[in-house]
Amino acid sequence: MSRRLLTIKGLDTGYDGVAVVRGLDLTVDGGEVVALLGPNGAGKTTTLMTISGMGQILGGTVTVMGQPVPRLRQAHKVARWGVIQVPENRGILFQLTVRENLELAKTRGRVDIDRAVDFFPALGPLMNRQGGLLSGGEQQMLALGRAIVADPQLLMVDEMSLGLAPVIYEELMPVVRRIADETGAGVLLVEQHVDLALEIADRGYVLSHGDLVMQGAAADLLADRSLLDASYMGVESL
């Protein structure tokens, strides 16, 4: 039986005491990919930030690996539990080489940087190139490679396809599935390309205006596009 890595119950979270997400229930188990979907402004990134210990918990609970995420911002503590987030801006260090970026992500007892090349062979010939000189696709590979080297228990990927050509993110998406399958990490994926996300996901949740409006098996969500499309338009009856 898969280990429960993330449990969110009745979460209210936001900024400056104002809730952006309300009453959210969500779970992620080891070895599964969970898609968190919804239109811009729905609260997806806010949810990821709160799980990472960088948000403000106004109500409810967030539990990671059996540990409650503190209401006060303590991202360093949550990171020690194995929560790794790949942000929209990828979070790589432009002035450092690919190798240096990967070495910084490595900590004692974690996997070697060769593991990143196993998942992204294109990084191999780029080891001595500065991060800022990489293409957008190569930067995204490096961002994901850094996450792999950090040996995550829970990997959160925010808008991986942002700014990438379709041929690139279509190649990267199956690698996210492989990460979950081969490492046993749970993956929480925020992605604007709904079909691609659900094709590799086990389950999905849809937020609209901060409220959870749909959830279920990824295959079921894909099969009911009328409801899924309606949720992106903010239909209240969902």
Side-chain angles (χ1 to χ4, degrees), residues 5 28 30-38 40 44-45 47-48 51-52 82-94 96-99 101-102 104-106 110-127 129-206 218-219 221-222:
L5 302 178
V28 179
E32 74 169 347
V33 177
V34 174
L36 182 59
L37 308 171
N40 291 337
K44 306 183 298 297
T45 295
T47 299
L48 297 192
I51 297 167
S52 292
V83 176
I84 303 296
Q85 182 172 347
V86 179
E88 284 185 21
N89 65 5
R90 297 166 189 151
I92 67 171
L93 300 173
F94 287 171
L96 299 185
T97 65
V98 168
R99 183 180 300 278
N101 268 278
L102 294 173
L104 278 177
K106 182 181 177 181
R110 301 272 172 115
V111 299
D112 193 84
I113 67 172
D114 290 341
R115 185 64 167 151
V117 181
D118 288 342
F119 282 95
F120 301 104
L123 291 179
L126 301 173
M127 283 294 169
R129 184 172 298 180
Q130 286 184 332
L133 299 179
L134 301 178
S135 69
E138 290 165 347
Q139 289 181 1
Q140 191 59 269
M141 290 180 197
L142 178 55
L144 289 167
R146 281 169 50 89
I148 291 167
V149 169
D151 194 20
Q153 296 293 307
L154 176 64
L155 173 61
M156 301 191 297
V157 183
D158 195 359
E159 299 290 8
M160 182 178 68
S161 66
L162 191 66
L164 300 182
V167 66
I168 301 298
Y169 61 70
E170 287 171 4
E171 291 178 358
L172 291 179
M173 202 69 74
V175 182
V176 175
R177 175 75 258 177
R178 184 183 160 206
I179 292 170
D181 291 341
E182 296 188 14
T183 71
V187 178
L188 183 56
L189 175 66
V190 167
E191 179 52 52
Q192 60 183 316
H193 292 280
V194 174
D195 287 354
L196 288 175
L198 291 176
E199 283 172 5
I200 68 160
D202 298 286
R203 297 182 295 111
Y205 296 82
V206 182
L221 294 176
L222 268 174

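Paired with L188 under the rule side chain to side chain contact (heavy atoms under 4.5 Å, CB included), one option of E32, M156, K44 passes, and it is M156.
Rounded to the nearest 0.5 angstrom, D118 CG and I113 CD1 are separated by 11.0 Å. Taking CG of L221 as the reference point, atom CG of D195 lies at 11.0 Å (rounded to 0.5 Å). In this structure, the separation between CD on Q139 and CG on L144 is 12.0 Å, given to the nearest 0.5 Å. Here the straight-line distance linking atom OG of S161 with atom CD of E170 works out to 10.0 Å at 0.5 Å rounding. One finds the CZ atom of R129 at 14.0 Å from the CG atom of N101 (value rounded to the nearest 0.5 Å). Here I92 contributes atom CD1 and M141 contributes atom CE; the two are 12.0 Å apart, rounded to the nearest 0.5 Å.
One N or O on the side chain of R177 and one on the backbone of I200 form a donor-acceptor pair closer than 3.5 Å. At distances below 3.5 Å, not a single donor-acceptor pair connects side-chain atoms of K106 with backbone N or O atoms of A150. For the pair D202 (side chain) and V33 (backbone), a donor-acceptor distance under 3.5 Å is present. For Q85 (side chain) and V157 (main-chain N/O), no donor-acceptor pair under 3.5 Å exists by modelled atom type. In this structure, the side chain of S135 engages the main chain of E138 through a donor-acceptor pair within 3.5 Å. Q140 places a side-chain N or O within donor-acceptor distance of the main-chain N or O of M160, the cut-off being under 3.5 Å. Judged purely by atom type and a 3.5 angstrom limit, E191 has no side-chain atom pairing as donor or acceptor with the backbone of L196.
For the pair A116 and V149, the tightest heavy-atom approach, listed with the atom from each and the gap, is CB-CG2, 3.9 Å. When all heavy atoms are compared, the tightest approach of L126 to L134 is CD1-CD2, 4.0 Å. Closest non-hydrogen pair, A185 versus L5, comes out as C-CD1, 4.4 Å. Taking all atoms of both residues into account, the shortest heavy-atom contact from A35 to A197 is CB-CB, 4.3 Å. When every heavy atom of V187 is checked against every heavy atom of A180, the shortest pair comes out as CG2-CB, 4.0 Å. Taking all atoms of both residues into account, the shortest heavy-atom contact from S52 to V83 is OG-CG1, 4.3 Å.
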Item to check | Test log, rule side-chain contact (heavy atoms from CB on, under 4.5 Å), inputs Y205 and L37 | outcome: CA-CA 6 Å; Y205 296 82; L37 308 171; over 6 Å; no
Next on the checklist: Please evaluate residues F94 and L133 with respect to the criterion side-chain contact (heavy atoms from CB on, under 4.5 Å), reporting the C-alpha separation (whole Å), side-chain torsions for both, the decisive distance (0.1 Å), and the verdict.
Outcome noted: CA-CA 8 Å; F94 287 171; L133 299 179; over 6 Å; no
Next on the checklist: Run L164 and L172 through side-chain contact (heavy atoms from CB on, under 4.5 Å) and show every step you take.
Outcome noted: CA-CA 10 Å; L164 300 182; L172 291 179; 4.0 Å; yes
Checklist entry - What do the steps show when you test Y169 against L162 for side-chain contact (heavy atoms from CB on, under 4.5 Å), and what is the final call? => result CA-CA 9 Å; Y169 61 70; L162 191 66; over 6 Å; no
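Listed by chain and residue number, E182 satisfy the salt bridge (charged side-chain N to carboxylate O under 4.0 Å, His left out) test with R178 (two or more places apart in sequence, or in another chain).
Side-chain N/O atoms of Q130 and T97 include no donor and acceptor closer than 3.5 Å.
Annotation: side chain of T183 is not in contact with side chain of I148 (no heavy-atom distance under 4.5 Å). When side chains are defined from C-beta on, L102 counts as touching L142, because their heavy atoms get closer than 4.5 Å. Residues V34 and L189 form no side-chain contact, since every pair of their non-hydrogen atoms from C-beta on lies 4.5 Å or further apart. Between L155 and V86 the shortest side-chain heavy-atom distance falls below 4.5 Å.
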